[in-house]
Enquirer: 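I have a structure here, written as structure tokens, and I will follow up with some questions on it.
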Amino acid sequence: QLQASGGGLVQAGGTLRLSCSASGRTAINLAMGWFRQAPGKEREFVAASSRRPALTSHADSVRGRFTVSRVNANNTLSLDMNDLKPEDSAVYYCAARSGGLSRYSGHYTYWGQGTQVTVSS
């Protein structure tokens, strides 16, 4: 089970931190990722982390502004979002899968509820 939190309303240039807690004995063996979906658009990859030792991947659109990391003995996936832009506004979803890191949403088995991020200009 995945539980996401941390969304909200922020001005352009601001920061937010999203967190996703994974429960269950096998949580630390899961690759985890963040995806987002804006109204009228397809769900898109944001960032992901492999199982330990954690390798990470970021979408080109967020690289250098967003940082994904595993914390709390790998049971929590965080997304630090800096220099937010209005185009970052979307519902952000946490996902997990058995296996390696993937940028493809169809590879993920487990999904959390979305958390809304709204960036005002």
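For reference, positions follow the sequence shown, starting with 1.
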Enquirer: Is there a donor-acceptor pair under 3.5 Å between the side chain of T115 and the backbone N or O of G7?
Expert: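 Looks like yes, one N/O pair under 3.5 Å.
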Enquirer: For H107, is there any backbone N or O sitting under 3.5 Å from a side-chain donor or acceptor partner on R97?
Expert: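 Flag set: sc R97 to bb H107 pair under 3.5 Å.
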Enquirer: Can you list everything that forms a side chain to side chain contact (heavy atoms under 4.5 Å, CB included) with Q113? Sequence neighbours excluded, please.
Expert: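 Applying side chain to side chain contact (heavy atoms under 4.5 Å, CB included) to Q113 gives Q3, A4.
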Enquirer: Say you draw a straight line from OG of S121 to NZ of K85; how long is it, rounded to the nearest 0.5 Å?
Expert: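 Answer for the OG-NZ pair, S121 versus K85, is 13.5 Å.
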Enquirer: For A59 and R103, which heavy atoms make the closest approach, and how far apart are they?
Expert: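 In this case the closest contact between A59 and R103 is CA-NH2, 3.9 Å.
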Enquirer: Determine yes or no for a side-chain-to-main-chain donor-acceptor pair under 3.5 angstrom, with S49 supplying the side chain and S69 the backbone.
Expert: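 No; zero donor-acceptor contacts below 3.5 Å.
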Enquirer: Could you tell me which non-hydrogen atom of V91 sits nearest to which non-hydrogen atom of G114, and how far apart they are?
Expert: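 Scanning both residues, the minimum pair turns out to be CG1-CA, 3.6 Å.
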Enquirer: Can you name the nearest heavy-atom pair linking V68 to A47, along with the distance?
Expert: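 Nearest pair, atom of V68 first, then A47: CB-CB, 3.8 Å.
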Enquirer: Sorted by first residue and then second, give each disulfide (SG to SG under 2.5 Å) pair with at least one member in residues 76-121; sequence neighbours left out.
Expert: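 Counting only pairs at least two positions apart or across chains, the disulfide (SG to SG under 2.5 Å) contacts touching residues 76-121 are C20-C94.
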Enquirer: Can you give each donor-acceptor pair under 3.5 Å made by side-chain atoms of residues 60-67, sequence neighbours left out, with the distance rounded to 0.1 Å?
Expert:
residue : atom : partner : partner atom : Å
D60     : OD1  : R63     : NH1          : 2.5
D60     : OD1  : R63     : NH2          : 3.3
R63     : NH2  : H58     : O            : 2.5
R65     : NH1  : D83     : O            : 2.9
R65     : NH1  : D88     : OD2          : 2.8
R65     : NH2  : S61     : O            : 2.9
R65     : NH2  : D88     : OD1          : 3.0
R65     : NH2  : D88     : OD2          : 3.4

Enquirer: Evaluate side-chain contact (heavy atoms from CB on, under 4.5 Å) for S98 paired with L30, printing each intermediate quantity in order.
Expert: CA-CA 5 Å; S98 298; L30 299 176; 3.6 Å; yes
Enquirer: State, with a plain yes or no, whether a side-chain heavy atom of R36 is found less than 4.5 Å away from one of Y93.
Expert: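 The answer is no; the side chains never approach within 4.5 Å.
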Enquirer: Are T76 and R70 linked by a side-chain donor-acceptor pair shorter than 3.5 Å?
Expert: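 No, no side-chain donor-acceptor pair sits under 3.5 Å.
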Enquirer: Set out, in order, the CA-CA distance, both residues' side-chain angles and the distance that settles side-chain contact (heavy atoms from CB on, under 4.5 Å) for L79 and V46, then state yes or no.
Expert: CA-CA 9 Å; L79 184 68; V46 177; 4.1 Å; yes
Enquirer: Contact between M32 and L2 at the side-chain level, heavy atoms closer than 4.5 Å - yes or no?
Expert: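 Contact flag for M32/L2 side chains = yes.
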Enquirer: Report the C-alpha distance between V117 and M81 in whole Å, list the side-chain angles of each, state the deciding distance to 0.1 Å, and finish with yes or no for side-chain contact (heavy atoms from CB on, under 4.5 Å).
Expert: CA-CA 10 Å; V117 172; M81 304 186 294; 3.9 Å; yes
Enquirer: Once ring pair (Phe, Tyr, Trp, His ring centres under 6.0 Å) is applied, do any residues pair with F35, and if so which ones, sequence neighbours excluded?
Expert: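 With sequence neighbours excluded, F35 shows a ring pair (Phe, Tyr, Trp, His ring centres under 6.0 Å) to F45, Y108, W111, given in chain and number order.
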Enquirer: Please identify each residue that fulfils ring pair (Phe, Tyr, Trp, His ring centres under 6.0 Å) with Y110, with sequence neighbours left out.
Expert: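 If we apply the ring pair (Phe, Tyr, Trp, His ring centres under 6.0 Å) test to Y110, skipping adjacent residues, there are no hits.
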Enquirer: Taking all non-hydrogen atoms of both residues into account, name the closest pair between A31 and G99 and its distance.
Expert: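 In this case the closest contact between A31 and G99 is CB-O, 3.4 Å.
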Enquirer: If we only count heavy atoms from C-beta on, is the D80 to T15 side-chain gap below 4.5 Å?
Expert: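 The answer is no, as the side chains (C-beta and beyond) never meet within the 4.5 Å cut-off.
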Enquirer: Partners of T118 by side chain to side chain contact (heavy atoms under 4.5 Å, CB included), sequence neighbours excluded?
Expert: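 With sequence neighbours excluded, T118 shows a side chain to side chain contact (heavy atoms under 4.5 Å, CB included) to L9, S89, Q116, given in chain and number order.
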Enquirer: Do L101 and Y92 land in one hydrophobic cluster if side-chain heavy atoms of ILVMFWY residues count as linked below 4.5 Å?
Expert: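 In one cluster with L101: Y92, no.
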